[in-house]
Number of protein chains: 2
Amino acid sequence: MAPDADSSGLDTSGLDTSALDTVLGKAVAILRAFGPDDRMLPLAELVRRTGLPKPTVHRVAADLVGHRLLEKTEHGYRLAGGLFELGMRAATERTLLEVAMPYLQDLYERTHETVHLGVREGTEVVYVAKIGGHRQARTPSRTGGRMPMHCTAIGKALLAYAAPSVRAGVLGGELPRRTPRTIVAPGLLNQQLDRVLETGLAYEREESTEGLLCVAAPVLDADGTGALAAISVTGPVGRFRPEVHESALRAAVTALGSVLARRRYRG
Amino acid sequence: MAPDADSSGLDTSGLDTSALDTVLGKAVAILRAFGPDDRMLPLAELVRRTGLPKPTVHRVAADLVGHRLLEKTEHGYRLAGGLFELGMRAATERTLLEVAMPYLQDLYERTHETVHLGVREGTEVVYVAKIGGHRQARTPSRTGGRMPMHCTAIGKALLAYAAPSVRAGVLGGELPRRTPRTIVAPGLLNQQLDRVLETGLAYEREESTEGLLCVAAPVLDADGTGALAAISVTGPVGRFRPEVHESALRAAVTALGSVLARRRYRG
DNA sequence: GGGGACCGTTCCACTCAGCGGTACGCTGAT
DNA sequence: ATCAGCGTACCGCTGAGTGGAACGGTCCCC
């Protein structure tokens, strides 16, 4: 429970756009109160995070338990299996995952490093898949988790091929520093993005997490102008050499891209 | 020891136990109206499946869209990315998945056949992971999807090690025939389950899907008495020889089991 | 080209589901 | 013994939620 200033995971208390004056809003607020690393939260903690009255949380949570979205243990509540089942039915993520999995497998087998598949969601990256073996570097990413775009290889790959308005929005917004090497200068980042467009590859060198290197490539749509997703290979500083994996990565994204094009996958 | 909270008896497959007279119930009903294979449903179809009045579905669906649980397109609604993100935070599934992934990878690499990870949920199997390459057999299973226990290798592996009440519940209930080879005789199935306890391996030979073979093994808990999950290897009749993969499968489940025990994973 | 079936959307007056202040019993730490 | 914090229970008020009715659009078939 180290309240380190670094972990941006803390809910910025005020900025919850969700309306808390409707039942559904309260229910969603309770579910979203669970961060990516929270296994179990007691009622009081849910009250604190949501700002809702205690009896209200108690009642809504009980309803959620009835619907198998929440589970009650003697130590608190946790997100239940029903949510997992529903989540895996999400249209775009499921399709992308099923089509991409063989290519991710190939890539893992050739590299034996952690392989990510991510899509853009607003101004952030959402990881749709993360596969790795026993020796994988300790990465902050999680399947279903989010990361900023400006400090991750996948983020840069996606941002480079995104609509100009999106790129401008991210460059013009906050570029929070996560490590000493995080690129916080919009101009420099913009240059890098242009290079990504030229080479088709994006890099991250300890910009989101110290000790971590990463190469990514975009999965392009049928026109070759936009990115449907991006794939990355990640490893620790020292043994990991990004260049080694570039051809395998390129092979993966082009193959996946053409299959998605054939399926008319739009995202 | 474990108070069998999971009373399988009451689990009659009445699809709608959910109360439709509360907002939350309606919302869940709408989300659950999406089957594993439904990509997109028009409003009218949601009305049909849920039995709710049209304006009600319209309004609740709009709310769900506002919370990023549903997405609206010109052709209808579909489950949105927000659900995927939430689902991947489900406590038990996420932990199991993260710990197991490296072992599943190993297993895939050694077999190059479709690998499944599943847990018991009531009287059914829920697949937590499914990984495979380009040549994978066409299986009806999906990550986050359900299958009956009596006709799948993973199901038999889980059922054999489940509490006697659970086994009795399944054997005493319906054993729907899915193929000519589905085992629908409770006695025969019971014999097979006993053999699973002796050998630590469960088989399926075209019992859920024609043309498909499968071997599974349970991931045992610290006591070695109950199954926390099960792993299977699947392939098509013809090239696929279950015996070939038995040792790799055994290695995977024992390794995973001991890691979970060390972590005091309970399920 | 007109009628009908089905669609998504909007309106609005009624009412009961949801609300949350208040209160209670139960831990542990002090 | 005291207290702070927890989960739970009660219950009268009220506005969020409701859904019948109606409207405009599209498609297809006669």
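Hydrogens, waters and symmetry mates play no part in the numbers below; they use all other heavy atoms, side chains included. Chain naming here is simple, since letters A, B, ... match the order of the sequence lines and numbering starts at 1 in each.
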I'd like the 5' and 3' limits of the part of DNA chain C contacted by chain B, with heavy-atom contacts below 4.0 Å. C/dC7 to C/dG18
Inter-axis angle, terminal five-pair segments of the helix from C/dG1-D/dC30 to C/dT30-D/dA1 [nearest 10°]: 30°
For B/Arg68, the side-chain contact (heavy atoms from CB on, under 4.5 Å) test, sequence neighbours excluded, returns A/Arg32, A/Glu121, A/Arg146, B/Glu85
Quick note, salt bridge (charged side-chain N to carboxylate O under 4.0 Å, His left out) partners involving residues 159-174 of chain A, not counting sequence neighbours, are A/Arg167-A/Asp194
With sequence neighbours excluded, what pairs up with B/Asp37 under the side-chain hydrogen bond (donor to acceptor under 3.5 Å, both in side chains) test? B/Arg142
Taken to the nearest whole Å, NE2/A/His58 to C1'/D/dG5 is 16 Å
Spacing between A/Leu43 atom CG and D/dT8 atom C1', to the nearest angstrom: 9 Å
Please answer whether the main-chain N or O of B/Asp221 pairs with a side-chain N or O of B/Thr225 as donor and acceptor at a distance below 3.5 Å. no
Please list all pairs passing the side-chain hydrogen bond (donor to acceptor under 3.5 Å, both in side chains) test where one or both residues lie in residues 39-48 of chain B, with sequence neighbours left out. A/Thr95-B/Arg39, B/Glu45-B/Arg48, B/Glu45-B/Arg49
Mind jotting down which residue pairs meet the salt bridge (charged side-chain N to carboxylate O under 4.0 Å, His left out) criterion with at least one end in residues 257-267 of chain A? Sequence neighbours excluded, please. none
Atom pairs, protein N/O to nucleotides 16-19 of chain D N/O, distance under 3.5 Å:
unit_1 : atom_1 : unit_2  : atom_2 : d
D/dG17 : OP1    : A/Thr22 : OG1    : 3.2
D/dG17 : OP1    : A/Val23 : N      : 3.2
D/dT18 : OP1    : B/Lys26 : NZ     : 3.0
D/dT18 : OP2    : B/Arg59 : NH1    : 2.4
D/dT18 : OP2    : B/Arg59 : NH2    : 3.1
D/dG19 : OP2    : B/Thr56 : OG1    : 3.0

Run the side-chain hydrogen bond (donor to acceptor under 3.5 Å, both in side chains) test against A/Thr50 and tell me which residues pass, sequence neighbours left out. none
Figure out the NZ/C1' separation between B/Lys54 and D/dG20, and round it to whole Å. 12 Å
Sequence neighbours excluded, the answer for side-chain contact (heavy atoms from CB on, under 4.5 Å) partners of A/Ser141 is A/His116, A/Tyr127, A/Lys130, A/Thr139
With sequence neighbours left out, what residues match A/Ala255 under side-chain contact (heavy atoms from CB on, under 4.5 Å)? A/Tyr103
Taken in chain and number order and not counting sequence neighbours, the residues that satisfy side-chain contact (heavy atoms from CB on, under 4.5 Å) with B/Leu64 are A/Leu24, B/Ala27, B/Ile30, B/Leu31, B/Val60, B/Leu69, B/Leu70
